Amino acid sequence: MSAIQPPPERVWWRQPLDRMEVTWILVALVWCLVMFFMMPYWHLVGKQNLANEAYRTTPEAYLKKAQEVVDKFTVRTETDMKIPVVHPPEGSDVYLTARLWTWWPILELETGKSYRLHLMSLDWLHGFSLQPENINIEVHPGYDHVLTVTPTRPGVYSIVCNEYCGINHHTMSSRLYVK
Ligand code: CUA
């Protein structure tokens with residue numbers, strides 16, 4: 001049988017499988033299963049697949065909570081856009097909002113302290129990619145995505161959007177301070 005011409009016998013699916021074909025199907029199947037079980041394995045052993053919670057919410061409700069945290073814990077503003085830099089106390093809920101094409105506010109966290117980081121998009125899909133760490137999270141509209149984070153190294157990290165979100169996708173970046 002060739003892939004270009006139609007099969008000479010119309011009822012080709014009754015013909016026995018060639019050994020080569022079975023072998024390749026098994027190779028592909030086993031590899032799919034290996035990759036599938038790597039996901040829970042990496043969740044437990046690796047550091048990339050973070051455990052998260054997600055709650056349905058609305059942009060208004062989310063923004064209200066984000067605004068409360070900004071009002072309480074802003075320590076300064078940065079860039080021409082006067083983006084607030086929020087330095088929240090240990091253990092608190094911190095909100096990072098994605099929208100076309102900015103991240104709001106800027107967070108300033110402390111090494112060795114844990115925070116509940118909330119992520120949400122106000123319009124459509126964005127991606128939270130923390131550089132140079134290998135952390136990648138999809139940021140969805142309509143869902144408050146919560147992660148418990150404990151920064152381990154001080155520094156200035158970059159946040160870049162890694163889901164294509166329109167004409168200014170490439171400018172959608174921000175920073176994260178860890179003291
Ligand atoms: Cu936001 Cu790409």
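Only this structure's heavy atoms are used, side chains among them; waters, hydrogens and symmetry mates stay out. Throughout, residue positions are numbered sequentially from 1 according to the sequence presented. All ligand and atom numbering here is 1-based and tracks the order in the structure. What you see is a predicted model, and the numbers here were worked out from it, not measured in a lab.
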Q: Can you tell me if Ser92 uses its side chain to pair, donor with acceptor, with the backbone of Pro89 under 3.5 Å?
A: yes
Q: Looking at the rings of Phe73 and His87, which for Trp means the six-membered one, are their centres under 6.0 Å apart?
A: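 When the ring centroids of Phe73 and His87 are compared, they turn out to be at least 6.0 Å apart.
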Q: Please report whether the ring centroid of Tyr62 lies less than 6.0 Å from that of Tyr95.
A: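 Yes, the ring of Tyr95 comes within the 6.0 Å limit of the ring of Tyr62, centre to centre.
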Q: With sequence neighbours left out, which residue pairs that include part of residues 17-40 fulfil the side chain to side chain donor-acceptor pair (under 3.5 Å) condition?
A: none
Q: Would you please name every residue forming a side chain to side chain donor-acceptor pair (under 3.5 Å) with Glu68, sequence neighbours left out?
A: none
Q: Could you work out, with ring-ring contact (aromatic ring centres under 6.0 Å, His included) as the rule, every residue matching His145, not counting sequence neighbours?
A: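 Not a single residue meets the ring-ring contact (aromatic ring centres under 6.0 Å, His included) criterion with His145.
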Q: So which protein N/O/S atoms does atom 2 (Cu) of ligand 1 have within less than 2.8 Å?
A: Cys161 SG, Glu163 O, Cys165 SG, His169 ND1
